[in-house]
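Here the structure comes first, spelled out in structure tokens, and everything after it is commentary.
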Amino acid sequence: MSGGSSFRERTGRFWQRHRTLFWMIHSVWALATGIAVVILARERYAFIPWVVVFLGVTWASTLFFGRSAAREATEGPYRPGLKQELSSYLTRTLYQETLFFLLPFYAYSTVLRSPNVVFLALLAGLAAFSCLDLLFDRWLRTKVVFGMIFFASVAFAALNLLLPFLFSMPPRVGTPMAALLAVGSAVPLALQSGARGWGVRLRLAAVAVVILIVAIGLPELVPPVPLRMERVTFSADIDRETLVQPDTLPASVPASALRGRLVVVVRVFAPAVVPTRVSLDWTRDGVAVKRSRVVEILAHESGFRVWDGLRPEDGRIEPGEYRVVLHTQNGRVFGVGSVSVTER
């Protein structure tokens, strides 16, 4: 027994002496494996249901790990023991893998120079921050509000993808539902982690309100996963029955070749059947020229085609840069196409 105890003591001293170096090395490893997950997760839609398992284990691990935060709040700082280190390591790993796995799916539905870039940047920032083991571990243990924000953000991002994918839920319904479930599951974690006093509880309530406001009141900030634009093509004409374009246009075309009409066809992809309402906005050199009617679609793996035509009253397509933006009925952009019309 004494030999075993001596061995544990030596192991404990060795760990405490080299703990910082180990976690610094592990941070680099976590970032490298996260990048590998991003690469491997591309088009791996079959693995999406595993996010449910990851979320459940993360929730349970965070709930268990929250006891140390409560203890630290009442007894002051302490050096985490082996149990706390392992629990923290499990929690951080689950956060890291979940976030890096989600990144490519959100990137598919994000359009540059649109508001939803903010959400993708936030997700990437959280993924990178979760790799900073020492800082991330300390904040999870000591900052109750941060812990709730982090879990709620990860849970919201995962559920926002899972609900449409698993239950064919329209994004306009899935996003508010994901926000409610994320906030609801984060509250017990915050309370169990030692959220005592009205000041802390008010901050937690404010966090919950902000998350709900973003999801429900500012949906354009959130990419409409799992929808994405697969392809966009322009032409001067179209067969309305088959949506076949007889003359697909290049990136630049003279106005004389258009015969007074410009047509666009957009193919929308989703890994499962996802009903939604979409429309197309036309601009020329940044100035709005037309908004299409709202179209009810059932996006799926084979793709769903949405088309619209631009035919000015004077029968002439003026030269300029024509840009078509595909978005859901509540303004969530997930596709952009453009064609340049020249004088000759």
Answer yes if the side chains of Asn160 and Tyr106 hold a donor-acceptor pair under 3.5 Å, and no otherwise.
yes

Compute the centroid of each ring, for Phe146 and then for Phe151, and state whether the two points are separated by less than 6.0 Å.
no

Out of curiosity, Glu318 CD to Asp285 CG, how far, rounded to the nearest 0.5 Å?
10.5 Å

On the ring face of Tyr108, is Arg228 found with NZ or CZ under 6.0 Å from the centre and within 45° of the axis?
yes

Do the side chains of Asn330 and Pro219 get nearer than 4.5 Å, heavy atoms only?
yes

Lys/Arg-Asp/Glu bridge criterion (N-O < 4.0 Å) met for Arg316, Glu343
yes

Do Leu132 and Phe150 sit in the same hydrophobic cluster, where Ile, Leu, Val, Met, Phe, Trp and Tyr count as joined when their side-chain heavy atoms come under 4.5 Å apart?
yes

Interatomic distance, Ser130 atom OG to Trp139 atom CH2 [nearest 0.5 angstrom]
13.5 Å

Under the 3.5 angstrom rule, does the side chain of Ser114 hit a backbone N or O of Val111 as a donor-acceptor pair?
yes

Determine whether a donor-acceptor pair (N or O, by modelled atom type, separation under 3.5 Å) exists between the side chain of Ser340 and the backbone of Ser252.
no

Roughly how far, to the nearest 0.5 Å, is the CZ atom of Arg267 from the CD atom of Glu230?
6.0 Å

Any chance you could lay out the side chain to side chain contact (heavy atoms under 4.5 Å, CB included) test for Ile238 and Leu243, step after step, and finish with the verdict?
CA-CA 6 Å; Ile238 190 172; Leu243 300 189; 4.0 Å; yes

Can you classify the ring geometry of Phe129 versus Phe136 as parallel (below 30°), tilted (30 to 60°) or perpendicular (above 60°)?
perpendicular

Under 3.5 Å: donor-acceptor pair, side chain of Arg323, backbone of Asp281:
no

To the closest 0.5 Å, what do you measure between CG (Leu55) and CG (Leu162)?
7.0 Å

Applying side chain to side chain contact (heavy atoms under 4.5 Å, CB included) to Val209 and Val183, what does each step give before you reach the verdict?
CA-CA 9 Å; Val209 169; Val183 171; over 6 Å; no

Tell me whether Leu298 is reachable from Leu163 by hopping between hydrophobic residues (I, L, V, M, F, W, Y) whose side-chain heavy atoms are closer than 4.5 Å.
no

Kindly indicate, with the supporting measurements, whether the criterion side chain to side chain contact (heavy atoms under 4.5 Å, CB included) is fulfilled by Glu97 and Thr58.
CA-CA 11 Å; Glu97 300 306 316; Thr58 303; over 6 Å; no

So that I can tick it off, tell me whether Asp308 and Lys290 are bridged by a salt bridge, with the cut-off set at under 4.0 angstrom between side-chain N and carboxylate O.
yes

Please answer whether the main-chain N or O of Pro170 pairs with a side-chain N or O of Thr276 as donor and acceptor at a distance below 3.5 Å.
no

Counting distance only, does the side-chain N/O of Arg231 pair as donor-acceptor with the main-chain N or O of Val265 below 3.5 Å?
no

What's the shortest heavy-atom distance between Leu120 and Ala107, and which atoms?
CD1-N, 3.9 Å

Side-chain touch Phe269/His300, heavy atoms, less than 4.5 angstrom:
no

For the residue pair Phe105 and Phe101, does the interplanar ring angle fall in the parallel (under 30°), tilted (30 to 60°) or perpendicular (over 60°) class?
tilted

Gln245 side chain to Thr233 side chain, donor-acceptor N/O pair below 3.5 angstrom:
yes

Minimum heavy-atom separation for Asn116 and Ser109, please, with both atom names.
ND2-O, 3.9 Å

Tell me whether Trp282 contacts the main-chain N or O of Leu310 through its side chain, where contact means a donor paired with an acceptor under 3.5 Å.
no

Evaluate Val117 against Phe119 for side chain to side chain contact (heavy atoms under 4.5 Å, CB included), listing each step before the verdict.
CA-CA 5 Å; Val117 170; Phe119 190 87; over 6 Å; no

Sidechain N-carboxylate O distance under 4.0 Å for Glu220, Arg332:
no

If you look at every heavy atom in Ala236 and Leu258, which pair is closest and at what distance?
CB-O, 3.7 Å

Using the rule that two of Ile, Leu, Val, Met, Phe, Trp, Tyr join whenever any of their side-chain heavy atoms come within less than 4.5 Å, decide whether Val294 and Leu326 are in one cluster.
no

Is any side-chain heavy atom of Arg284 closer than 4.5 Å to one of Glu321?
no

Are the side chains of Phe156 and Val222 in contact, using a 4.5 Å heavy-atom criterion?
yes

All heavy atoms of Pro164 vs all of Val225, minimum pair found to be CG-O, 3.8 Å

Same cluster (ILVMFWY, side-chain, under 4.5 Å), Tyr45 and Phe100:
yes

Do Leu159 and Tyr95 land in one hydrophobic cluster if side-chain heavy atoms of ILVMFWY residues count as linked below 4.5 Å?
yes

Got a second to check how far Leu126's CG is from Cys131's SG, nearest 0.5 Å?
11.0 Å

Are Leu161 and Pro226 side-chain neighbours, meaning at least one heavy-atom pair lies under 4.5 Å?
yes

Does any part of the side chain of Phe165, heavy atoms only, come nearer than 4.5 Å to the side chain of Pro271, both counted from C-beta?
yes

Hey, does Leu227 have a side-chain heavy atom less than 4.5 Å from the side chain of Val274?
yes

Could you tell me whether the side chain of Asp137 reaches within less than 4.5 Å of the side chain of Arg92, counting heavy atoms only?
yes

Closest heavy-atom pair and its distance - Ile211, Ala152:
CD1-CB, 3.5 Å

Closest non-hydrogen atom pair between Val336 and Val232, with its separation
O-CG1, 4.2 Å

Between the side chain of Thr328 and the main-chain N/O of Val278, is any donor-acceptor distance below 3.5 Å?
no

Could you state the interatomic distance from CG (Leu262) to CG (Leu249), rounded to the nearest 0.5 Å?
6.5 Å

